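Okay, so here's the structure we're looking at.
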Amino acid sequence: MQNADIARTLNRLANLLDIEGANAFRVRAYRSAAQTIEFHPHALQDMVAREEPLTELPGIGRDLAEKITELINTGHLPVLEEAEKRLPPGLSQLMRVGQLGPARVRQLFEALGIDSLDALKKAARNGRIRTLEGFGEKTEAGVLKEAERLDDTPPRVRLDEAHQAAADLIAWLERAGGAQRLSAAGSLRRGRDTVGDLDILVSSEDAAAVMTHLASYPEIAETVSHGTTKSTLLLHSGVQVDVRVVDDESFGAALYYFTGSQAHNIATRKMATERGLKINEYGVYRGEKRLAGRTEEEVLAQIDLPWITPELRENRGEIEAAREGTLPALVTLDDIRGDLHMHTTASDGRASLEEMAHAARQRGYRYIAITDHSKRLAMANGLDAKRLREQMSEIDALNERLKNFTVLKGNEVDILEDGALDLPDDVLKELDVCVFSVHSKFNLSREQQTTRILRAMDNPHVNILAHPTGRIINGRQGYDVDIEAVLHGARERGVFLEINAQPARLDLSDHWVHMARDIGVALAINTDAHATDQLGHMTLGVTQARRGWLEKSDVLNTRTVTQLKKMMRR
DNA sequence: GCCGTTTTCGGCCCGACTGTTTTCAGTCG
């Protein structure tokens with residue numbers, strides 16, 4: 001049983017209890033536990049097997065620890081099964097429909113017997129929902145639309161797409177008369193690998209003018225709501241956007257509030273309450289008196305905390321670290337000296353060796369590694385030993401011509417099914433950097449996949465395990481692999497892992513990055529660029545590294561080329 | 001159901017917008 005399964009079960013229970021009208025705080029406790037578990041890096045199943053106390057996790061007390069242990073051991077959660085005797089299980093699904101919360105789901109069930117998405121759509125089309133008290137034609141139409149949208153919209157957009165959509169809209173809003181400060185907030189600002197909806201914040205003395213200008217944005221497909229200071233829009237790209245306008249003196253408080261995360265906000269608001277203060281999106285207040293709000297620093301200073309970078313605001317220890325003055329000095333883009341994973345026209349890249357080198361140099365790098373595919377990836381025109389040696393000679397010749405810049409000889413060698421490598425040792429040992437990765441046999445069991453990768457690491461010539469889970473965001477799940485075991489294996493063998501900065505990969509993801517830091521495995525942040533402009537994905541990779549609390553010294557490619565070469569010799 | 005440098009009991013973040021209402025409940029983030 002995976003953490004995601006446990007989280008899903010608890011959420012289902014929370015939904016049913018919510019619909020029944022159970023104590024709202026009890027419901028919240030289940031939801032918050034589900035969230036903690038979903039993002040917890042260690043499998044709770046293993047923790048239970050090792051008899052580690054689950055009550056160590058925030059929001060999990062004695063009762064929940066017992067229930068979760070029973071769920072893991074028996075596959076049953078009696079309190080859920082009892083709830084499913086009282087209410088149809090399908091009601092939990094209805095909670096996913098926009099505009100429907102517990103009260104309306106209960107009403108729909110009690111009055112019309114609606115207990116599934118299909119029943120809901122049918123009732124809406126027949127005009128039966130509008131007959132209920134508190135419902136009308138608009139609600140009926142809105143609910144139908146939301147129910148239909150559930151079927152085909154991907155739930156979250158990629159970080160790079162969200163960045164682009166936000167930049168476009170901010171550029172549009174800057175042209176509104178009177179917009180003072182503008183910023184993206186929400187999970188985009190926190191740098192999560194996917195974004196649910198965009199939050200855009202504007203400060204202005206003339207909210208009406210900004211809102212009017214916003215309404216004429218050509219990318220709007222649908223206006224979900226539109227008030228005097230807040231609007232929710234659906235763009236043609238399928239992205240949902242919340243735009244909020246506040247006075248400039250509240251911009252910092254609003255930015256802080258809308259950046260979240262919700263868990264982070266709840267924690268700091270609670271600290272405020274303990275000090276007799278109240279934090280909302282307009283400022284920090286003692287009674288009616290406003291104490292701060294212009295900047296985030298001002299707001300946090302009121303609860304005796306230093307500014308916390310948005311990437312850390314997940315209530316995963318950053319508040320305690322801030323209080324104790326032990327926040328990490330996170331790695332920045334400026335710290336990056338090179339890029340250790342990229343392709344050229346020799347395999348499936350679109351730019352030549354020389355073009356990639358020049359583009360990297362223009363970004364201020366001191367080195368790159370050229371890592372084309374190996375021969376197994378025939379589809380990508382992978383290199384055999386002979387072609388790889390020819391490329392090495394080309395690199396030697398290029399290095400002769402370049403000053404203050406080094407092209408490292410590399411390859412992205414395929415890990416075969418049994419853990420052997422796709423190129424012979426005598427050529428691998430001539431490489432400066434050997435990146436190795438899985439491109440086939442994704443459906444091996446967890447044990448087989450883990451053994452396969454560990455065996456590949458046993459080869460003394462490999463250095464950096466690329467895109468370690470193989471996931472494609474909104475595309476496919478990664479292969480099943482015990483990353484914790486891989487990290488320990490890497491540490492024992494002097495091997496490193498990669499944060500692949502391709503926006504569709506961002507692999508490792510943040511919680512694995514954090515675990516790598518805890519275990520003490522340095523990571524390389526690589527773009528896996530297949531064209532010169534893709535070298536720019538480095539920013540996304542650095543963001544993931546920051547979300548995993550990495551400092552400069554935790555990142556391989558902040559080293560000088562001399563240091564790096566030494567670390568690549570095992 | 002969780003939690004505790006005010007509390008082991010009594011709190012639990014806070015406000016905008018909508019639709020359907022005559023003053024507000026429900027939803028959302």
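Predicted model, so just to flag it, every value in this text is computed and none were measured. Proteins come first, then strands; the chains are lettered A, B, ... in the order of their sequence lines, and each starts at number 1.
A donor atom on one side chain and an acceptor atom on the other are not found under 3.5 Å apart for A/Gln164 and A/Asp160. For the residue pair A/Gln502/A/Asn500, the side-chain donor-acceptor check at 3.5 Å is not satisfied. Side-chain contact check for A/Ser509 and A/Asp193: no donor-acceptor pair (N or O, by modelled atom type) lies under 3.5 Å.
The neighbour count for A/Glu484 CD, taken as heavy atoms of other residues, nucleotides or ligands under 6.0 Å away, is above 12. The neighbour count for A/Arg275 CZ, taken as heavy atoms of other residues, nucleotides or ligands under 6.0 Å away, is above 12.
Atom-to-atom, CD1 of A/Ile129 to P of B/dG19 comes out at 16 Å; the value is rounded to the nearest Å. Atoms CZ (A/Arg244) and P (B/dC14) sit 15 Å apart, rounded to a whole Å. In this structure, A/Ile279 places its CD1 atom 15 Å from C1' of B/dG15, rounding to the nearest Å. One atom, NE2 of A/His226, and another, P of B/dT18, lie 8 Å apart when rounded to the nearest Å. Note: CD (A/Glu137) to C1' (B/dT18) measures 16 Å, nearest angstrom.
Ranked by how close their nearest DNA chain B nucleotide is to the 5' end, A/Thr228 and A/Gly136 are led by A/Thr228.
Distance from the side chain of A/Arg26 is smallest for B/dG1 among the nucleotides B/dA16, B/dG1, B/dC13. Distance from the side chain of A/Asn280 is smallest to B/dC14 among B/dG1, B/dC14, B/dT20.
Annotation: ring pair (Phe, Tyr, Trp, His ring centres under 6.0 Å) contacts involving residues 204-227 of chain A, sequence neighbours excluded, comprise A/Trp172-A/His213, A/Trp172-A/Tyr217.
Taking the C1' atoms as reference points, B/dT20 lies 10 Å from B/dA25, given to the whole Å. Comparing the C1' positions of B/dG11 and B/dT7 gives an interatomic distance of 9 Å, to the nearest angstrom. Taking the P atoms as reference points, B/dC13 lies 16 Å from B/dC2, given to the whole Å. For B/dT18 and B/dT23, the C1' atoms lie 15 Å apart once the distance is rounded to whole Å. Straight-line distance between the P atoms of B/dG1 and B/dT5: roughly 23 Å, to the nearest whole Å. Rounded to whole Å, the C1' atom of B/dT8 lies 9 Å from the corresponding atom of B/dC3. Comparing B/dG10 with B/dA16, their P atoms are spaced 32 Å from each other, to the whole Å. Using atom C1' as the reference point in both B/dC14 and B/dC9, the two lie 24 Å apart (nearest Å).
When all heavy atoms of A/Ile114 and A/Leu91 are compared, the closest pair comes out as O-CD2, 3.4 Å.
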Quiz item: Reading nucleotides 21-29 of chain B 5' to 3', which nucleotides get B (base under 4.0 Å from a protein heavy atom), which S (sugar-phosphate only), which -?
Solution: -----SSSB
Self-check item: Annotated protein contacts, base or backbone, on nucleotides 2-11 of chain B with a non-hydrogen cut-off under 4.0 Å, one of B, S, - each
Solution: SS--B-----
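For B/dC17, one of the phosphate oxygens OP1 or OP2 lies less than 4.0 angstrom from a side-chain nitrogen or oxygen of A/Thr229. The phosphate of B/dA16 (OP1 or OP2) has a side-chain N or O of A/Tyr282 nearer than 4.0 angstrom. A/Thr139 has a side-chain polar atom (N or O) that falls below the 4.0 Å cut-off from OP1 or OP2 of B/dT20.
Centroid-to-centroid, the aromatic rings of A/His264 and A/Tyr256 come within less than 6.0 Å.
No engagement by A/Thr268 is indicated, since no non-hydrogen atom pair under 4.0 Å with the nucleic acid exists.
Between A/Asp118 and A/Lys122, none of the side-chain N atoms (NZ, or NE/NH1/NH2) sits under 4.0 Å from a carboxylate O, so this pair counts as no salt bridge.
In this structure, the side chains of A/Leu214 and A/Leu169 come closer than 4.5 Å at one or more pairs of heavy atoms.
For B/dC28, the paired base is B/dG15 (Watson-Crick or G-U wobble, both distances below 3.5 Å).
Taking the ring centre of A/Phe251 as origin, the terminal cationic atom of A/Arg294 falls outside the region bounded by 6.0 Å and 45° from the ring axis.
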